[in-house]
Amino acid sequence: MSDYDFKSAEDKWQTRWTESDIYRSVIDKSKPKHYAVTMLPYTSGDLHIGHWYAMAPSDVRARWMRMRGYNVLFPIGFDAFGLPAENAAIQRNIHPASWTYKNVDTMRRQIQSMGAMFDWKREAVTCAPEYYRWSQWLFLQFYKNELAYKQLSPVDWCPQCNTTLAREQVWGEDRHCERCNTPVIKKDLNQWYLRITDYAEELLDFSRIEWPDRVQAMQTNWIGRSEGVEFEMQVAGHEDSFRVFTTRPDTIFGVTFAVLAPEHGLVDTITTESQKAEVEAYREAASRQTEIERLSTEKERDGVFTGAHAVHPFTGEGVPIYVADYVLTTYGTGAIMAVPAHDDRDFDFATRYGIHIPVVIAPEGWDGKPLETAYIGQGTMVNSGEFDGLSSKAGWGAVADRLQEKGIGEKRTNYRLRDWLISRQRYWGCPIPMIECPSCGLVAVPEEDLPVLLPSDAEFLPTGESPLKLHEGFRNVACPACGEPGTRETDTMDTFICSSWYQYRYLSPDFDSGPFDTEEGDYWLPVDQYTGGIEHATMHLLYTRFFTKAMRDMGLVEDDEPMLSLFNQGIILGEDSEKMSKSRGNVVSPDELVGDYGTDAVRLYLMFISRWDQGAPWNSASMEGAPRFLNKTWGLLIDPPEATDKDGGDGQELRRLTHQTIRKVTEDIDTFSFNTAVAALMTFANGLQKAKSDACFGTEAWEEARRTMILLLAPMTPFFAEELWEQGGGDYSVHDQAWPEWDPELARPSTIEMPVQINGRVRAKFEVSPDATQEEVEQLALEQDNVKRHLEGANPKKVIVVPNRLVNIVV
RNA sequence: GCCGAAGUGGUGGAACUGGUAGACGCGCUGGACUCAAAAUCCAGUGGCCGCAAGGCCGUGAGGGUUCGAGUCCCUCCUUCGGCACCA
């Protein structure tokens, strides 16, 4: 028996596919379109098995859609700006651009070896001027629509990467950099922001898209919507007042103090002489603390009295105003009304400083005694003047309305989401197209002057300053408005900007009169199927939704959402069940595997290893099963059978298996259950093997089965299927064939194995036709020897017949 | 602490809306082929008892609902992911 020669088949078909341009996707209005995208890889320089795990199954789905008659666009590109290129440049003394483009070439070759149906004429590389020209152009549209602004504020700074980060890029309890794991610090810097918070409410609406619940939950959580009331508190004996935000207006009669964040603007004004020294010392200490210390929930809640009092809006009583760092300046108004009886934090604080803790929401069955911990649930309002007796739920609205009538407050929705900080103090990124002029202020670079080219001769040492600042030729520029000498913005953009709109650039990567050709857009958009890792749930996946919504409002796209359907694949771990990393030495190299087993075997194994969204540890012993299956299938379909005197029969069993397999594989690919689709094909091969030795070879049923096997394999193992197809006399190309349909009649089993349970335990099994009536099935069940034995003549109380499933006899 | 996902043989994993737990693969055992090996093919493979027929136990733990629970409900345990003074 001859084995499948993957090396020559892969070379042969790769060449043929390229020559015939088989994967070129062009607008064809006679067919339904399907736009599939797999998250674009970063140009790290080496294709990891993780890239294969992300891309190959995605390719299977795209190929399958193609065979089902869709006009499929499946492009690929490279996320090419970013810090690793700059670090490589510093370490190896090569330019980030040459490092990046060298990596692009390597990775392109590696990706091509995967045999995916990528349309390479659509390739987009985000660091190319023809790409980032439009990133800049889009930035200008954001600026013109007041969605981009520059502001001085405390920002997260990664001391390792030497740049600021967006809030989304700071992870974990210790607030570390998402890229390099270094804990971030705070700095006060003048930075560019995109107003993503304008879209907070709309971003919470997932009704138009089919995205995993997990991602929806993470984004919802991240946006952090909360409804409450914002109202004014007057400072006693002062002109000044301050605003507070609360989600529990029903607890307002329980307010016994108020708290300002240490950075609150009013602190200096209202602090009395006698308290000044103490307050100053506290603020000083708070500012010296790291963010981590400050935000630690372990830390005891402390603060200092300002000496001033606020006037309670209902009782008119004076409540002391404290300064405490458990109130954040960045959320709400930076000031709170404190209700110790009904808030854990306020309770701790009041206990520590001996502040009165009156109960105003009575829990059910409350005995009137003081509380030992804060009661944060619902209840009945007490000690609340005119509101006594209302449920806390009804009181919520009643108090809110009264505050509004008094003209001091209104209902308000707050979000945890912050605006997106996009300035980065590094070289290898997209320049922000803005100019600062001493007389005109901030001036946008005119669109016709785009792109603002990144100079190739900048010094990029990690000084903490943007390298472009030191480049005089870049920095000094005439103001486009008045012609006087001005300076360019020297920070570059967060690379997540580049990847927020790449699905649009793919449509026409060479188009030079807009970010994309609307003729292409009208046909292909939006993306129908997006696949990629979950790690971008609150970064890229949030940003790209924001971009699309903003672009929609600018009239650039029509859709509300960029990607209709999303699937998150899992992660392939090392053989030791740990995350793959060079330092652990557990990295699996796809190049090596492809050399040993061939592309198709690697693709097949990755799909078989586990459910796609689950991921699994790599297992090199288990990998052997894939090439074994391919060789076996090869032998089955190519080699003639050994002589046999068996009768081939009518082939009904084989036909049944064929149609059952079509159904199973079709349904499984549809639901991304590639592992069970592969299992079904293996079962099919086992059936073919049996049929072959039963002398079915060459019959009509065999021909149908052979053809079907190749077609079902085509999306998963494109080279292998193409070679088998040709060997069997099929016309080029197997990938242009229609996906087979199953006939439900033929797929129907001839007999069903029916288990008989007595009191829920299986006691016998018998074969029965699926057409048998319930009475017949019941009769047969009762006739089984072992059933009779167990019944011992006793009369069954009840017999449950589940059609085509089982019989359960209750005694 | 809050939110979410998951715990199934030696192993990776199957199991439709509650209906034969362990599909398919890996590994292992035995056999065929071979001088021998590899490859391939055939048979077996959750545990325990039994010559067999068959029986008992079994999906992280313990309860419950049901004729019937891996699947539904309650209480725990463990692992992973996200959030965490957000008023």
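Within every chain, numbering begins at 1; the chains are lettered A, B, ... in the order of the sequence lines, protein sequences first and strands thereafter.
- Legend: residues meeting side-chain hydrogen bond (donor to acceptor under 3.5 Å, both in side chains) with A/Q689, ordered by chain and number and at least two apart, are A/K632.
- By the salt bridge (Lys or Arg N to Asp or Glu O under 4.0 Å) test, A/R789 is found to be paired with no residue, residues two or more places apart in sequence or in another chain being considered.
- Here A/Y331 pairs with A/S226, A/F245, A/N414 under the side-chain contact (heavy atoms from CB on, under 4.5 Å) rule; sequence neighbours left out.
- With sequence neighbours excluded, the residues forming a side-chain contact (heavy atoms from CB on, under 4.5 Å) with A/T538 are A/M218, A/W222, listed by chain and number.
- Residues meeting the ring pair (Phe, Tyr, Trp, His ring centres under 6.0 Å) test with A/W420, sequence neighbours left out: A/Y543.
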Every protein N/O within reach of nucleotides 26-32 of chain B N/O, cut-off under 3.5 Å:
| from | atom 1 | to | atom 2 | distance (Å) |
| --- | --- | --- | --- | --- |
| B/C26 | OP1 | A/R628 | NH1 | 2.6 |
| B/G27 | OP2 | A/R628 | NH1 | 3.4 |

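- A/A679 is linked by a side-chain contact (heavy atoms from CB on, under 4.5 Å) to A/F608, counting only residues two or more places apart in sequence or in another chain.
- In terms of the side-chain contact (heavy atoms from CB on, under 4.5 Å) criterion, residue partners of A/S750 (sequence neighbours excluded) are, by chain and number, A/E653, A/R656.
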Name the pairs: protein N/O against N/O of nucleotides 62-71 of chain B, kept only if under 3.5 Å.
| from | atom 1 | to | atom 2 | distance (Å) |
| --- | --- | --- | --- | --- |
| B/C67 | O2' | A/N808 | ND2 | 3.3 |
| B/C67 | O2 | A/N808 | ND2 | 2.6 |

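- Annotation: side-chain hydrogen bond (donor to acceptor under 3.5 Å, both in side chains) contacts of A/D668 (sequence neighbours excluded): A/K664, A/T676.
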N/O donor-acceptor pairs under 3.5 Å from side chains in residues 615-625 of chain A, not counting sequence neighbours:
| from | atom 1 | to | atom 2 | distance (Å) |
| --- | --- | --- | --- | --- |
| A/N619 | OD1 | A/A621 | N | 3.0 |
| A/N619 | OD1 | A/S622 | N | 2.8 |
| A/S620 | OG | A/E575 | OE1 | 3.2 |
| A/S620 | OG | A/E575 | OE2 | 2.8 |
| A/E624 | OE2 | A/Y597 | OH | 3.1 |

Checklist entry - Could you run down nucleotides 46-60 of chain B 5' to 3' and tag each one B, S or - for protein heavy-atom contact under 4.0 Å? => result --------SSSS---
